[in-house]
Amino acid sequence: MSFDVDNIFDKAASGSSLVKNRQALTIDYVPEKLPFRDEEAKTLAQVLSTVFKGARPSNLLLFGKPGTGKTAVAKNVVDRLQKKSNELKIDVTVIFINAKTAGSAYKVLYEVAEELGINKEQGKQVHFTGLSMGEATDRILQYIQKKKLHFILVVDEIDSLVDKSGDDILYNFTRANQRMGKGGFVTLIGISNSLTFKDKLDPRVRSSLSEEEVVFNPYTVNQLRQILQERSKLAFSDSAISDAAINLCAAMAGREHGDARKAIDLLRVAAELAEREGAPKVDENHVRAGQDRIEKDAPFVVVKNAPAHHKLVIIAVIKSKSGITGDVYDTYLALCKRAEQKQLTQRRVTQIISELELLGLVSTDIVNQGRYGRSQKIKITIPPTTISEALKEDSLASLID
DNA sequence: ACTCCACAGGAATAACCGGGCG
DNA sequence: CGCCCGGTTATTCCTGTGGAGT
């Protein structure tokens with residue numbers, strides 16, 4: 001074992017790594033040029049350019065499947081807008097927020113307040129918690145009005161915001177402009193993965209939020225390949241990656257729908273594997289191994305960090321012979337007894353199962369057994385070895401046999 | 001054709017937590 | 001301090017349902 005470790009250290013220290021710019025392979029990296037997204041960027045820029053005339057740009061909605069470059073285009077354009085506004089000495093305040101990583105609707109408001117610097121001022125601050133949503137929104141809008149800010153708010157993954165807490169906030173923000181009169185204004189840019197997102201909105205919000213729309217289509221395999229090639233030039237040392245490897249990456253990621261993020265992720269993991277084994281260049285085998293690794297890694301982490309009862313349910317699903325809800329619930333009850341845990345209701349357990357399904361750990365089929373009722377058949381979708389691995393250091397590990 | 005099982009899964013509501021407010 | 005606020009988890013109660021058995 002120890003020679004492996006030494007080997008890793010030596011490789012890292014020698015500086016002859018395959019990757020010269022690791023940053024370029026991360027999700028956060030926003031490239032200067034975004035191939036195949038000129039049209040979208042242009043539309044976005046055109047809409048936003050109104051701000052240089054001192055008027056309020058229309059609200060925007062950006063749609064598209066994951067990994068189609070929505071976030072990258074938005075960040076890219078918005079960055080340039082900010083730079084330009086600094087040059088021209090026109091005040092524009094841009095804030096970029098990811099609603100999903102923020103967590104809750106309130107935290108979105110809190111982050112906005114934080115970024116705006118409201119909390120550094122005297123008086124009406126927006127604290128970490130304690131205020132009502134309405135009050136927090138009001139304080140932010142008042143601040144914008146008072147300072148006559150030209151405010152552009154980009155909300156990434158805006159659908160998760162609406163799913164969790166409805167469209168009240170959006171309503172307040174979109175309506176704010178009428179209330180504010182001269183001086184300040186707010187432009188909202190929403191980014192959404194879901195094409196049906198608009199249907200969930202209140203009609204009033206819908207019409208004002210999507211004054212303009214930009215739809216991002218998935219990349220084709222060919223386009224993915226070119227994107228990867230360009231990114232590789234930035235990230236890898238000369239000839240540290242074979243064309244075949246890049247092609248395979250593009251093909252694998254393109255198989256579902258052209259998800260550039262997945263493709264780049266795959267490239268990064270493949271590179272890490274190649275480096276670790278001290279290979280002279282990244283080849284197709286590393287890509288394939290990377291794919292395996294990605295498929296296996298995500299559930300491992302999820303299982304490991306899952307709450308106790310979720311783990312119990314997972315174990316119950318594995319142990320129960322039939323996988324039928326009633327059966328799973330019974331084995332779950334038995335497990336709770338052995339682990340001296342409180343027994344949750346069946347309702348809650350079915351809820352947990354559907355959460356596990358969303359996480360991709362189990363799959364369910366509804367089966368009809370006529371006279372003998374109608375229930376779900378639950379199956380584990382990841383290898384049980386991964387689970388016992390993930391629960392190794394857990395106090396519940398003893399329950400798996 | 002009708003029944004009726006064994007649940008699914010929605011809605012309302014409660015219990016609890018962390019944290020600011022007055 | 002008691003209270004309110006929002007968030008999350010869990011319970012209670014409920015209506016809906018496809019098809020094997022009759």
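The model shown is predicted, which means the values in this text are computed figures rather than measured ones. Letters go in sequence order (proteins before strands), and every chain restarts at 1.
With dT3(B), dT12(C), dA8(B) as the candidates, the nucleotide lying closest to the side chain of Arg371(A) is dT3(B). Distance from the side chain of Arg348(A) is smallest for dT9(C) among the nucleotides dT9(C), dG18(C), dG21(C). Closest approach to the Arg347(A) side chain among dG9(B), dC7(B), dA10(C) is made by dG9(B) (side chain taken as heavy atoms from C-beta onward). Taking the side chain of Arg374(A) as heavy atoms from C-beta on, and the options dA10(C), dG18(C), dG9(B), the nearest nucleotide is dG18(C). In the set dC7(B), dA8(B), dA10(C), the nucleotide with an atom closest to the side chain of Lys342(A) is dA10(C).
Computed from coordinates, the Leu109(A) CG to dG19(B) P distance equals 19 Å when rounded to whole Å. Atom pair Leu344(A):CG and dT8(C):P shows a separation of 18 Å (rounding to whole Å applied). One atom, CD1 of Ile352(A), and another, C1' of dC7(B), lie 17 Å apart when rounded to the nearest Å. Look at CD on Gln369(A): it is 10 Å from P on dA20(C), rounded to the nearest Å. Rounded to a whole Å, the CD atom of Gln346(A) is 11 Å from the P atom of dA6(B). One can place OH of Tyr110(A) at 15 Å from P of dG7(C), the figure rounded to the nearest angstrom. Distance Ile324(A) CD1 to dA8(B) C1': 13 Å, rounded to the nearest Å. Taking atom CG on Asp330(A) and atom C1' on dA6(B), their separation rounds to 12 Å, with Å as the unit.
Place Asp327(A) and Gln351(A) on DNA chain B by their nearest nucleotides, and Asp327(A) ends up nearer the 5' end.
Within the nucleic acid shown, Glu355(A) has no heavy atom closer than 4.0 Å to any nucleic acid atom.
Within a 6.0 Å radius of CZ in Arg56(A), other residues, nucleotides and ligands contribute more than 12 heavy atoms.
A cation-pi arrangement is present between Lys75(A) and Phe96(A), with the terminal nitrogen or guanidinium carbon under 6.0 Å from the aromatic centre and inside a 45° cone about the axis.
For Lys296(A) and Glu389(A), the salt-bridge test fails: no basic side-chain N is under 4.0 Å from an acidic carboxylate O.
Taking Lys281(A) as the reference, nothing meets the salt bridge (Lys or Arg N to Asp or Glu O under 4.0 Å) condition, with sequence neighbours excluded.
Side-chain nitrogen and oxygen atoms of Thr350(A) include none within less than 4.0 Å of the OP1 or OP2 phosphate oxygen of dC7(B). At least one side-chain nitrogen or oxygen of Thr345(A) sits closer than 4.0 Å to the OP1 or OP2 atom of dT11(C).
Donor-acceptor pairing under 3.5 Å is recorded for the side chains of His286(A) and Glu277(A).
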